[in-house]
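Take a look at the structure below.
Below, chain A is the first sequence line, B the second, and so on; all start at residue 1.
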Number of protein chains: 4
Amino acid sequence: MKEELTRQSIQLFERKGFSSTSVQDIVDSLGVTKGTFYYYFTSKETLLMDIHLRYIDDLVARQKKVLDSNESCRNQLTKIVEILIKDIQTQGSNVRVYFREMRHLSEENSSVIKNKRRMFHLTIEKIIKEGIEKKEFRDNLDPKMTTFAILGVTNWSYEWFDPSGNISSKELASMYMDFILHGIDLKGE
Amino acid sequence: MKEELTRQSIQLFERKGFSSTSVQDIVDSLGVTKGTFYYYFTSKETLLMDIHLRYIDDLVARQKKVLDSNESCRNQLTKIVEILIKDIQTQGSNVRVYFREMRHLSEENSSVIKNKRRMFHLTIEKIIKEGIEKKEFRDNLDPKMTTFAILGVTNWSYEWFDPSGNISSKELASMYMDFILHGIDLKGE
Amino acid sequence: MKEELTRQSIQLFERKGFSSTSVQDIVDSLGVTKGTFYYYFTSKETLLMDIHLRYIDDLVARQKKVLDSNESCRNQLTKIVEILIKDIQTQGSNVRVYFREMRHLSEENSSVIKNKRRMFHLTIEKIIKEGIEKKEFRDNLDPKMTTFAILGVTNWSYEWFDPSGNISSKELASMYMDFILHGIDLKGE
Amino acid sequence: MKEELTRQSIQLFERKGFSSTSVQDIVDSLGVTKGTFYYYFTSKETLLMDIHLRYIDDLVARQKKVLDSNESCRNQLTKIVEILIKDIQTQGSNVRVYFREMRHLSEENSSVIKNKRRMFHLTIEKIIKEGIEKKEFRDNLDPKMTTFAILGVTNWSYEWFDPSGNISSKELASMYMDFILHGIDLKGE
DNA sequence: AATGAATGAGTCTTCATTCAT
DNA sequence: TATGAATGAAGACTCATTCAT
């Protein structure tokens, strides 16, 4: 039941936004009563926090696995980009809620999430730095800004990419790694 | 007064989100009454639509100016990226509302905005295509996906970039054009 | 309207108690809507505080008048007892709410009321002390405890006295002053 | 368990009032679940009735003992006052609930309690009447009103008397009997 | 151009109670 | 003897909107 409430909520939060989705909407969509909702969640915000934690914890865990693989920086980065793009397909709604609704967490809760986000970010930064040292990447890059650029490319996909369309998430990920590695400029310039 | 209402609303919508900001909040922040609000706007949504239209129309107009300049594709693209990044400084709140709150427009209104967004997008796509033909850009790029990638880099900046920090918006724009043109890979590879 | 809301609320709070009276009950009894209630009161507690303040402020003011009259202590005390007993007739419901529902005020609000109550109490204590010094009252009385005893006699009347019954409030006040002054013991003992 | 539920409930009812105390509050304070509560009590009101009955039955029983002692009226009255004041120390919370929350009993239940209260009251009235006849007390007293005055003095103590303070309940009872017997007036007047 | 009073539907949340286990 | 899941009604409070003035 808790699982089902969460799943339905994610769908509704994605479609109408957190504040515009009422607890009534959620329980109606499952044919249960509001009491049931409050049996499982102490508040609407608790549910939102659950959704956030679930995603970021899982993501960080998967990122750690990549890091532990000890592959080249380029490969590590590729794998992370693949993870992010594939998540659109497997849990797009969840991630969109994660991107859009953090504002509705309390100060306390949102700072917990922010810290975890920062850790995710810092890990990518570390990969960039290492890549520069190992001469995999250009040495005139600002690791922090570059990380933001890469995350911009991937995260923005959540706003438009439809994995059931012409282009598969695998293809998109590979296109994007090409873009990230080589830019759009004609070679030699 | 209408101007002031709009300005305050943008601040509040940015901070708390559209649905979580009440008309009461808006008028309280200006020391007027709700009647005043409804004298200038027929509904809360009208105000949101105003905010959207104002930004996208202005943006499209500026984009047109760039296009009419007849410079090289690379320069045109650079100018558009500069516009987008500079907007963070000059009207960040407005743009953040524009990015986040479109969902709260009615079907009808939101399709108006979507069309204008699409036009903005298509124009960039056109620049990319032309750049490929003119051999300014690589010929194995998918213009549509590449446009999304570029917009990802710039638009995502609204989520984190602080123009009053160490890096100026000018510097960021130049860093990002470098990234977009050359990627992160070591040259020659 | 605010006046009417207050008056009705007092009646309902007396009959059913503060927590068992819903805002719905209040507005229903006047044929208006909940919005109206919240237009005039920021919360149910604010209304309760209003009721408390109104009574205690008025009572203290009337007590001050008695004090300023410079009559004998016995007469001053008599007048205060008369005030308290007469209030049962003129604003019994109000006072019963005042006696019973203070618990439902916030810490902050209830301490405001408590302080005013204490002042009322201390003024009576002062009259007793002065009466002892002026040899109007026995000198082996504890002024504080005696004040509580006197207030017990009068305030408890709110639990049972029906001013529309056989005994008028004037008669009751005089009976009680007799009791307070002479007790029940046979004279000379 | 039933005993413990009752004890905890009394504490909570005293502190927050009957309606503002939820069954959840009660069971939480004991670390059990709501099911447990409903195993022992058929409703929240049943519990309140239990609390009322328990106190009034015990009080009436103790009053009867005093009556059966066949002492002088003055001594009987003294003993009853002592009982009431001592109860503040030994079961203050219980009595405060008894005084304040009768309103939340159903018509039927509350009339049962009211009858027992009346009996307690009538017994004191009888002692007063007998005291007048036996020339222990003044003959110009109204027995009913006098009983209310005496009960006012004692019952009001529940609103303020702290048995752990400077004055013991024994001392208070003796002070109050002095007040009841002799009033505050200087002797001889 | 702006206000103040009012509405009615809707918000999140709590509650007493039930019942299968 | 006690639990855990669920209900449905009611709780306080908010909100976008209207309208006479």
More 5' along DNA chain E: S43(D) or G35(C), using each one's nearest nucleotide?
G35(C)

Closest nucleotide of DNA chain E for F37(C) versus for S19(D): which of these residues is on the 5' side?
F37(C)

If you count the non-hydrogen atoms of other residues, nucleotides and ligands that lie under 6.0 Å from CE in M119(D), is the total more than 12?
no

Using a cut-off of less than 4.0 Å, is there contact between a side-chain N or O of [X] and OP1 or OP2 of [N]?
X: Y39(D); N: dT1(F); value: yes
X: T33(A); N: dG8(F); value: no
X: T36(B); N: dA2(E); value: no
X: Y40(C); N: dA6(E); value: yes

Give T21(D) one of three labels, base, sugar-phosphate or nothing, depending on what nucleic acid heavy atoms sit under 4.0 Å from its own.
sugar-phosphate

Find the distance [X]:[atom1] to [N]:[atom2] and express it as a whole number of Å.
X: D28(C); N: dT7(E); atom1: CG; atom2: P; value: 12 Å
X: Y38(A); N: dA12(F); atom1: OH; atom2: C1'; value: 13 Å
X: L48(D); N: dA16(E); atom1: CG; atom2: C1'; value: 14 Å
X: E4(D); N: dA2(F); atom1: CD; atom2: C1'; value: 14 Å
X: F41(B); N: dA1(E); atom1: CZ; atom2: P; value: 13 Å
X: I26(C); N: dA10(F); atom1: CD1; atom2: C1'; value: 15 Å
X: K44(D); N: dC15(E); atom1: NZ; atom2: C1'; value: 8 Å
X: H104(D); N: dA16(E); atom1: NE2; atom2: P; value: 12 Å

Partner lookup for [N], please. Criteria are Watson-Crick or G-U wobble with both distances under 3.5 angstrom; report none if nothing qualifies.
N: dA2(F); answer: dT21(E)
N: dA16(E); answer: dT7(F)
N: dA12(F); answer: dT11(E)

Backbone of Y158(D) reached by a side-chain donor or acceptor of R96(D) within 3.5 Å:
yes

Within the distance-only criterion (no hydrogens, no angle test), does the side chain of K44(D) pair as donor or acceptor with the backbone N or O of T21(D) below 3.5 angstrom?
yes

Is the NZ or CZ atom of R117(D) both under 6.0 Å from the centre of the six-membered ring of Y98(D) and within 45° of that ring's axis?
yes

Nearest-nucleotide comparison on DNA chain F, the residue closer to the 5′ end among Q24(B) and K34(A):
K34(A)

Hey, which sits more toward the 5' end of DNA chain F by its nearest nucleotide, S20(B) or D25(C)?
D25(C)

Test T46(B) against S43(B) for side chain to side chain donor-acceptor pair (under 3.5 Å), laying out the working first.
CA-CA 5 Å; T46(B) 305; S43(B) 73; 2.9 Å; yes

